[in-house]
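Here's a structure for you.
Predicted model only: the values in this text are computed from it and were never measured.
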Amino acid sequence: MCGIAGWVAYRHDLTEQRRTAEAMTGTMACRGPDDEGLWTAAHAAMGHRRLAVIDLPGGRQPMTVETPDGPVVLIYTGECYNYTELRDELRGRGHHFLTASDTEVVLRGYLEWGARVAERLNGMYAFALWDGRDEQLFLVRDRMGVKPLYYYPTADGVLFGSEPKAILVNPLAERVVTADGLRELFGCVLGFVKTPGEAVWRGMREVVPGTVVRVDRGGLHVSAYWKLGARRHTDDIPTTVRRVRELIGDTVRRQLVADVESGVLLSGGLDSSALAALSAQIFRETTGERIRTYSVAFAGRDGNGGPYGVRATPDLPFAHDLAAHAGTDHRDVVLDASALADAAVRRATVGARDLPLNLGDMDSSLYLLCAEIRKQSTVVLSGEAADELFGGYRWFHDPGAQQSGIFPWLETFSSQTGATLLLEPSLADTLDLRGHFAARYQEALAEVPAVDGEDAHARRMREISYLHLTRFVRVLLDRKDRMSMAAGLEVRVPFCDHRLVDYVFNAPWSYKTYDGMGKSLLRQATKDLLPESVMRRVKVPYPSTQDPGYIAELQRQSGDVLREGNSEALNLVDCERLRKITVAEPEALQQSQRAALERVLELDAWFDLWQPTIHL
């Protein structure tokens, strides 16, 4: 895992802009603490920060192949999980390799197949490739959007980077957010709706998952190399269960390959437990050792409370059951309220995301968890996307949410998080977030692929699955990437393997609920690995501290912001409502009021860090 940054300018000599290119690359130091490199030519600058995971001595970047017609230069972040097969194929086609890294496989794959090399990759990746033979830049992102990649068109080229901060340090990039940017920003916070390609900052874009952005002297050209497609599913239930097990097993085996210490994030839920149990089995077979697993807990409290209502069960007993059953080397990371409310930690999480898109203590706890894990492991597997893929959220099963005529999760969120932003009333009217969600919903529905002959319910459940896999999950993937990479930890997500996603997306909804418990295909595919307690556990959200001391500290810090009165965040929020929340009894606050305090403090940190200009 790494961070990339670069600049293409066809009417300037970028060898004279090395200091700026170095500054862009330097913003990615947290993503790549192990090494750095910068390659410059007249019209291209390619910067790289490395987190060494595969071929520690040989995988340095930028990686260059000199051809008779000019250099071909690659900067790459992520992992290609089928690189050994591709390397064998390329050797058969006459290519000679100087390293054992997956990066060189991607580079030489481009020399063989051009930009269509992306179609052959199995993995999570974002990379930039400068082809000096015809002075073209290619920006490529993985199919599910696990790894981020942004770009900013300029008058004579483009700026790009793994994160917006790499672009924003360049003087050509304006730190301006318009009303559309605020809609996107608050839409992600309030509604978990991430519009493909939008980046909040004016003029900036995000490379859409599964696409290639080609830059040449004629401008920018975007093409898709993969989209989630629909086809008729012909396997029966037993065959489907077996196939799901085969795909997950193969994916986990591939994603455990690393030249550094690995582990698994374990909540005790079905998704993470299935990964941990499979990983433990495979790890024993291949290394003879126990794999490490990690859980988060809260000092003095069990985390029995979540963002959208009280959680049915705390995590730790189930995580401990699985760890004992699978024989993992387990560790609980215990966090207290003072650490979660620490302004420096909040500043770190806002800085990691470049935006106040955070989930309060759930982001702080994830960041602190990753920082602790990084002391022992460099790579961990995580269960992101399983609920979106297998239908795990409760609104999948709620007839009202299914037929709501809006993103189905908003039926739950609107009643419980509707007050979390405390927007100033005139700004709320200007942004019209309800209208924003309705427009984004119609855009998403228009993309959904269909299968002839599907009945209305099957068609609707396909739509709901598509919405989750192309909108909802991308908010969670971005969160996991930013919080983990801020701590220099690589998180791999086996449930985002495109082969598994394609197969399960096309399985009938009735298959995904056939055992009466939800996520039937995953549950039945891994039942031989799991203790009975985990097998029967119902879905619960990510844990959130319920310590009143945490809420009291939020009130104190928010009160300080109000009293000082100089934060630009106060121009966006309803200060009178905020003032009332800061003086209420901590244990009397509703979840939405607590979240409002977190949002205000995140906005305050964002303005302080990035000094954005708001244009309405």
Side-chain angles (χ1 to χ4, degrees), residues 116 118-120 122 142-145 193-197 208-212 222-248 385-393 395-411 437-474 495-516 518-525:
R116 296 193 67 177
E119 300 171 18
R120 295 173 173 264
N122 176 312
D142 67 68
R143 295 168 177 84
M144 289 294 291
V193 177
K194 186 173 176 63
T195 308
V208 175
T211 65
V212 177
V222 180
S223 60
Y225 68 89
W226 185 83
K227 291 182 179 180
L228 191 58
R231 68 173 188 279
R232 191 170 299 282
H233 189 82
T234 58
D235 292 342
D236 60 15
I237 290 177
T239 304
T240 301
V241 170
R242 286 195 299 272
R243 182 57 178 156
V244 168
R245 175 60 175 269
E246 291 169 0
L247 286 168
I248 295 174
D387 285 308
E388 292 79 5
L389 184 57
F390 292 98
Y393 297 115
W395 48 81
F396 270 95
H397 311 276
D398 178 355
Q402 290 174 7
Q403 302 303 324
S404 63
I406 194 67
F407 292 105
W409 53 88
L410 289 180
E411 283 294 294
F437 291 141
R440 301 294 81 76
Y441 177 69
Q442 292 302 322
E443 291 171 359
L445 276 188
E447 300 172 6
V448 181
V451 171
D452 291 339
E454 279 188 325
D455 63 35
H457 182 66
R459 168 65 181 173
R460 180 55 181 163
M461 297 315 295
R462 182 182 292 277
E463 290 175 345
I464 291 174
S465 295
Y466 185 91
L467 296 175
H468 281 80
L469 290 167
T470 63
R471 301 306 193 273
F472 190 90
V473 78
R474 289 178 184 169
F495 292 116
C496 285
D497 183 285
H498 72 276
R499 302 167 302 162
L500 180 65
V501 170
D502 180 72
Y503 185 78
V504 176
F505 173 68
N506 283 291
W509 176 249
S510 60
Y511 284 23
K512 299 172 188 177
T513 57
Y514 82 90
D515 67 358
K519 289 197 282 193
S520 305
L521 294 177
L522 177 59
R523 193 179 306 274
Q524 296 303 319

Quiz prompt | Reported CG-to-CG distance for the pair Leu469 and Leu389, which is rounded to 0.5 angstrom | solution =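 CG of Leu389 is found 6.0 Å from CG of Leu469.
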Quiz prompt | Non-hydrogen side-chain atoms of Pro408 and Leu467 separated by less than 4.5 Å | solution =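 Yes, their side chains come closer than 4.5 Å.
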Self-check item: Which atom of Tyr466 lies closest to which atom of Ala444, heavy atoms considered
Solution: CE2-O, 4.0 Å
Quiz prompt | With Lys519 via side-chain hydrogen bond (donor to acceptor under 3.5 Å, both in side chains) - residues at least two apart | solution =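 Residues passing side-chain hydrogen bond (donor to acceptor under 3.5 Å, both in side chains) with Lys519: Asp271, Asp387.
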Quiz item: Got a second to check how far Arg143's CZ is from His498's NE2, nearest 0.5 Å?
Solution: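 Answer rounded to 0.5 Å: 4.0 Å.
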Self-check item: salt bridge (charged side-chain N to carboxylate O under 4.0 Å, His left out) contacts touching residues 227-237 (sequence neighbours left out)
Solution: Arg231-Asp502
Self-check item: Non-hydrogen side-chain atoms of Glu388 and Phe495 separated by less than 4.5 Å
Solution: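 Counting from C-beta outward, Glu388 and Phe495 never come under 4.5 Å.
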Self-check item: Arg245 side, atom CZ; Gln524 side, atom CD - distance, nearest 0.5 Å
Solution: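 With rounding to 0.5 Å, CZ (Arg245) is 12.0 Å from CD (Gln524).
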Quiz prompt | Closest contact, heavy atoms only, Pro449 versus Leu228 | solution = CG-O, 3.5 Å
Quiz item: Does Ala458 offer a backbone N or O that forms a donor-acceptor pair with the side chain of Arg462 under 3.5 Å?
Solution: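 The answer is no, because no donor-acceptor pair under 3.5 Å joins these two groups.
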Self-check item: Side-chain donor-acceptor pair present, Arg523, Ser520, cut-off under 3.5 Å
Solution: no
Self-check item: Residue pair Thr240 / His233, side-chain donor-acceptor N/O under 3.5 Å
Solution: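 Short answer, yes.
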Practice problem: Enter the distance from Ile464:CD1 to His397:NE2 here, rounded to the nearest 0.5 Å. | Solution: 10.0 Å
Exercise. Measure the shortest side-chain to side-chain distance between Leu522 and Ile248 over non-hydrogen atoms and say whether it is less than 4.5 angstrom.
Key: yes
Quiz item: Any idea which heavy atoms bring Val244 and Ala525 closest together, and the distance?
Solution: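 Here Val244 and Ala525 meet closest at CG1-CB, 3.9 Å.
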Practice problem: Measure the shortest side-chain to side-chain distance between Val241 and Leu521 over non-hydrogen atoms and say whether it is less than 4.5 angstrom. | Solution: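 A side-chain contact exists here, since the closest heavy-atom pair is under 4.5 Å.
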Quiz item: So how far is it from Ser510 OG to Ile237 CD1, rounded to the nearest 0.5 Å?
Solution: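 Result: 6.0 Å between the selected atoms.
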Quiz item: Quick one: are the ring centres of Phe472 and Trp409 less than 6.0 Å apart?
Solution: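 Close enough - the centres of the two rings lie under 6.0 Å apart.
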Exercise. Run the salt-bridge test on Glu246 and Arg242 with the 4.0 Å N-O cut-off and return the result as yes or no.
Key: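 Salt bridge between Glu246 and Arg242, a charged N being under 4.0 Å from a carboxylate O: no.
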Exercise. Quick one: pull up CD in Glu443 and CZ in Arg471 and give me the separation to the nearest 0.5 Å.
Key: 7.5 Å
Self-check item: Taking every non-hydrogen atom, the tightest pair across Arg459 and Val448
Solution: NH2-O, 3.7 Å
Quiz item: So, for Ala230 and Asn506, which heavy atoms are closest and what is the spacing to 0.1 Å?
Solution: CA-OD1, 3.2 Å
Quiz item: Given side chains that start at C-beta, do those of Leu410 and Tyr441 come closer than 4.5 Å, heavy atoms only?
Solution: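 No - every pair of side-chain heavy atoms lies 4.5 Å or more apart.
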Quiz item: For the residue pair Arg460 and Ala401, what are the closest heavy atoms and their distance?
Solution: NH2-O, 4.4 Å
Quiz item: Any side-chain heavy atom of Thr513 within less than 4.5 Å of one from Phe396?
Solution: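 Result no, sub-4.5 Å side-chain heavy-atom pair not found.
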Exercise. Return the orientation label for the Trp395 and His468 ring planes: parallel under 30°, perpendicular over 60°, tilted otherwise.
Key: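 Aromatic pair Trp395/His468 classed parallel.
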